[in-house]
Amino acid sequence: MDSMILSKEKMKDFVAALGQQKLYAPQKEGETLRFSLLGEEDVPELDFSNTTVPPKDVVFPQTETLYQYELGGTDMKEPEGGEEGAVMGIRPCDARAMSIVDSLFSWDVDDPYYLERRSGNTFIGLACLEPCVNCFCTSLGGAPASTEGLDALMTDLEDKYLVKPLTEKGEKLFQKAADVLEKATEEDVASAEKLHEEAAAKVARNVDTQGIPEKLPELWEADLWKDVSNSCLGCGICTYLCPTCHCFDIQDEVEGFEGRRCRMWDSCMFGEYTLHASGHNPRPSRRERTRNRINHKYSYYVDKFGTIACVGCGRCIDFCPVNIDILNILTQVKEAL
Amino acid sequence: MKENGNPYKPYIATVEDTWYETYGDRSIKTLKVVFDDEKIRESWEHRPGQCAMIGLLGVGESMISISCSPTEGKFLRFSVMRMGAVTSALHELEPGDKMTVRGPYGNSFPVDEWKGKKIITIGGGIGQAPLRPIIEYVRANADNYQDLTVIYGARTSGDLCFKGEFEEMSADKIAECHLSVDIEEEGWPHFVGFVPSLLMEVNPSPENTIAITCGPPVMINFVLQNLKKLNFEDDQIYTTLENRMKCGFGKCGRCNVGNLYVCKDGPVFNYATLKAIPEAFA
């Protein structure tokens with residue numbers, strides 16, 4: 001399918017043309033921009049640098065029910081699944097992150113909750129034309145218009161979007177809305193490509209990751225871990241807002257006679273994350289937790305799945321309340337190697 | 001959806017019998033449980049060293065070593081120390097009560113590789129729970145192995161698990177058992193001191209021998225040092241680790257030691273593998 005044009009004026013018609021299908025798109029929630037289910041009257045908020053919360057929560061919700069039960073009973077009822085939907089306005093870095101996390105959730109034992117949402121949804125990207133100050137996607141194999149993990153890519157051309165379907169799923173979705181789309185001209189395609197190139201050149205920060213995955217564990221006792229974690233408050237925002245962080249907890253919740261076993265995001269930056277029942281903690285301080293976080297992303301994940309579990313979205317830098325900067329940590333790592 | 005093959009959904013099992021191994025604040029209770037579904041009962045297969053996620057609907061789940069060998073019958077045993085909300089609730093279970101079980105998880109002791117060898121287990125406290133299945137397995141397949149030696153200690157005699165079994169094994173000449181308590185107590189006829197010291201006292205020969213140890217981290221560290229003093233090679237030494245776990249199959253993230261997941265790459269580790277990972281003995 002060729003590229004098409006979606007006029008910004010026709011956004012409402014486009015959303016309507018997708019019909020009853022669930023559509024997730026960035027929406028303002030107070031100061032926070034995050035992906036949420038569009039209501040009938042809502043229009044996607046597509047004018048942003050990047051969302052505060054990555055779209056990972058569409059496929060891996062912050063809290064989700066694994067199964068419900070009645071107290072005293074033994075029947076476990078799983079939530080209805082199989083719903084189809086689409087996610088619109090994903091930045092290429094966040095889409096790449098999903099593709100990276102897919103390896104984990106399909107490794108050896110399939111995670112049915114995650115994988116069902118991954119296959120049931122169509123993922124529509126929005127090329128990044130104005131990288132943020134802390135973006136470094138190009139250092140990690142990404143790009144502001146990377147298509148990895150996406151079914152279609154949109155590019156903002158001021159009063160319209162150029163829409164490029166990338167997969168069969170993407171084509172199917174845009175065929176539904178064929179009436180509100182126009183044919184793209186060669187000129188449209190060329191101006192999008194030019195914008196993509198310009199955006200890549202605007203990514204200002206970078207890190208040379210060569211040698212890090214292999215040698216990082218050798219820096220186990222290096223002083224830098226103490227230095228880089230000294231000011232850490234252990235708030236966990238770097239992991240909660242990280243598009244590749246996927247660790248979770250499982251807890252039972254009871255209300256009256258109804259119970260549910262659910263899973264919720266957890267963070268390796270919390271002490272309780274590794275605390276043994278005996279009181280022993282293999283990662284007793286923020287030094288060990290920071291060391292594990294960086295090793296997991298930049299070395300262990302590479303060992304297991306062949307890719308660094310960081311896409312350079314810069315959120316952990318943007319939102320750290322004490323200005324801990326992962327690029328600064330990686331620079332110190334490089335110096336110590 | 002997911003009726004078949006949802007790895008998070010446990011099986012329902014019924015508690016058949018329970019008894020206390022130790023008493024006190026951190027008492028240890030053994031639960032003998034049987035799956036309700038006959039098909040699961042027949043198809044369930046676990047190997048010595050594996051664990052299972054056991055729990056109660058409305059309370060939660062805990063990863064616990066399976067403390068019986070498959071050679072003992074179509075049931076499971078879990079020896080649970082009372083520590084937090086889930087283990088306290090598990091302690092309240094009576095015969096006939098229902099609980100949830102999913103698993104089995106992790107690798108297991110390489111029992112086939114060990115054929116023809118002498119086996120020595122070195123345990124401390126609740127660390128004997130994952131060692132019990134290998135002892136029972138070797139006992140049931142005695143023709144395939146040479147001598148079995150059991151070294152086991154706890155703070156006091158009241159803190160030793162599976163007590164009757166050691167006397168029985170010694171009397172029946174099934175295993176050479178060496179017990180210890182940390183502190184001197186009246187009427188205690190065996191060794192007084194820490195498990196690593198008892199190991200030196202027993203002074204086993206490393207020749208054609210496999211040593212397996214499990215216990216508190218500090219005990220494991222000293223046992224490993226002493227095994228080296230006794231000239232055991234790294235690849236003759238095995239340990240079984242436990243870390244906090246939530247899923248049991250490599251998704252939830254927390255049980256890693258370095259680049260290995262205890263729930264998948266472990267819980268049984270050869271010392272040669274573990275030695276290369278600084279976090280393993282943290």
Side-chain angles (χ1 to χ4, degrees), chain A residues 66-67 69-76 78-82 104-105 107-114 116 217 220-221 245-254 257 259-261 263 266 268 272-284 288 291-292 295-296 299-304, chain B residues 1-14 26 36 53 55-62 81-87 98-100 105 125-126 216-218 241-261 264 276-282:
Chain A
L66 298 174
Y67 44 87
Y69 49 81
E70 264 176 48
L71 280 194
T74 55
D75 275 347
M76 289 163 273
E78 293 150 282
E80 297 283 328
L104 182 275
F105 280 118
W107 171 47
D108 191 31
V109 175
D110 281 352
D111 187 292
Y113 301 88
Y114 176 91
E116 195 162 276
W220 200 251
E221 296 298 341
C245 275
H246 52 265
C247 291
F248 58 83
D249 191 4
I250 296 178
Q251 294 284 343
D252 283 42
E253 279 193 357
V254 178
F257 292 98
R260 59 179 191 138
R261 195 159 278 171
R263 73 165 165 195
D266 202 352
C268 61
E272 208 180 280
Y273 180 77
T274 46
L275 182 65
H276 286 192
S278 63
H280 173 75
N281 196 336
R283 289 184 208 128
E288 292 81 22
R291 181 173 65 190
N292 177 70
N295 269 276
H296 185 213
S299 179
Y300 307 156
Y301 208 84
V302 183
D303 284 347
K304 283 248 187 297
Chain B
M1 71 161 185
K2 307 168 203 135
E3 257 330 304
N4 300 308
N6 182 348
Y8 294 95
K9 199 171 168 182
Y11 303 122
I12 297 292
T14 301
R26 293 180 168 193
D36 282 18
M53 193 61 96
L56 290 164
L57 293 176
V59 185
E61 296 180 305
S62 286
M81 187 185 272
R82 185 186 193 110
M83 293 300 298
V86 176
T87 51
K98 304 287 182 194
M99 58 186 276
T100 64
Y105 296 122
I126 186 72
V218 64
L241 298 184
E242 284 268 330
N243 261 354
R244 197 180 177 101
M245 299 180 196
K246 290 292 174 174
C247 68
F249 40 91
K251 311 287 186 226
C252 78
R254 75 200 58 232
C255 71
N256 74 300
V257 283
N259 63 350
L260 302 175
Y261 280 124
K264 287 189 60 70
I277 301 169
E279 195 174 29
F281 302 105

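As the structure is a computational prediction, the values presented were derived from the model and not from experiment. Naming convention: chains lettered A, B, ... in sequence-line order (proteins, then strands); numbering from 1 in each chain.
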One option among Cys268(A), Ala277(A), Gly259(A) has the most heavy-atom pairs under 4.5 Å with chain B, and it is Ala277(A)
Counting heavy-atom pairs under 4.5 angstrom with chain B, the leader among Asp110(A), Leu71(A), Asn281(A), Leu275(A) is Leu275(A)
Is [X] in contact with chain A via its backbone, its side chain, both, or neither, using a 4.5 Å heavy-atom distance?
| X | value |
| --- | --- |
| Pro217(B) | side chain |
| Leu56(B) | backbone |
| Glu279(B) | both |
| Asp36(B) | neither |
| Thr100(B) | side chain |

Can a donor-acceptor pair be found between the side chains of His276(A) and Asn243(B) at a distance below 3.5 Å?
yes
Considering only heavy atoms, which portion of [X] lies under 4.5 Å from any heavy atom of chain B: side chain, backbone, both, or neither?
| X | answer |
| --- | --- |
| Asn295(A) | neither |
| Asn292(A) | side chain |
| Glu70(A) | neither |
| His246(A) | both |
| Arg263(A) | side chain |
| Val254(A) | side chain |
| Arg283(A) | side chain |
| Phe105(A) | both |
| Trp107(A) | both |

When heavy-atom pairs shorter than 4.5 Å are enumerated against chain A, which of [options] gives the highest number?
| options | value |
| --- | --- |
| Gly60(B), Cys255(B), Cys247(B) | Gly60(B) |
| Pro7(B), Gly258(B), Gly250(B) | Gly258(B) |
| Gly253(B), Pro216(B), Pro10(B) | Pro10(B) |

- Message: In the structure I gave you, are the side-chain heavy atoms of Tyr301(A) and Leu104(A) within less than 4.5 Å of one another anywhere?
- Response: yes
If you define the side chain from C-beta out and look only at heavy atoms, does anything of Val218(B) sit under 4.5 Å from His280(A)?
no
Asp111(A) side chain vs Tyr114(A) backbone, donor-acceptor pair below 3.5 Å | yes
| request: Mark yes or no for whether Thr87(B), through its side chain, and Gly84(B), through its backbone, hold a donor-acceptor pair below 3.5 Å. | output: yes
Identify whether the distance between the nearest side-chain nitrogen and carboxylate oxygen of Glu61(B) and Arg261(A) falls below 4.0 Å. yes
Using a strict 4.0 Å threshold on nitrogen-to-oxygen distance, state whether Lys246(B) and Asp266(A) make a salt bridge.
no
I'd like to know whether Arg244(B) forms a salt bridge (charged side-chain N to carboxylate O under 4.0 Å, His left out) with Glu272(A), so could you lay out the CA-CA distance, the side-chain angles of the two residues, the decisive distance to 0.1 Å, and finally the verdict. CA-CA 9 Å; Arg244(B) 197 180 177 101; Glu272(A) 208 180 280; 3.7 Å; yes
Using the rule given for side-chain hydrogen bond (donor to acceptor under 3.5 Å, both in side chains), can you reason through Lys98(B) versus Thr74(A), listing the C-alpha separation, both sets of side-chain angles and the distance that settles it, and then say yes or no?
CA-CA 8 Å; Lys98(B) 304 287 182 194; Thr74(A) 55; over 6 Å; no
To the nearest 0.5 Å, atom SG of Cys252(B) lies from atom CD1 of Ile250(A) at 6.5 Å
Review point. Under 6.0 Å between ring centres, would you say that holds for Phe249(B) and Tyr261(B)?
Key: no
Note to self: Working note: Asp75(A) + Tyr67(A), criterion side-chain hydrogen bond (donor to acceptor under 3.5 Å, both in side chains); need CA distance, chi angles, decisive distance, verdict.
What the structure shows: CA-CA 9 Å; Asp75(A) 275 347; Tyr67(A) 44 87; over 6 Å; no
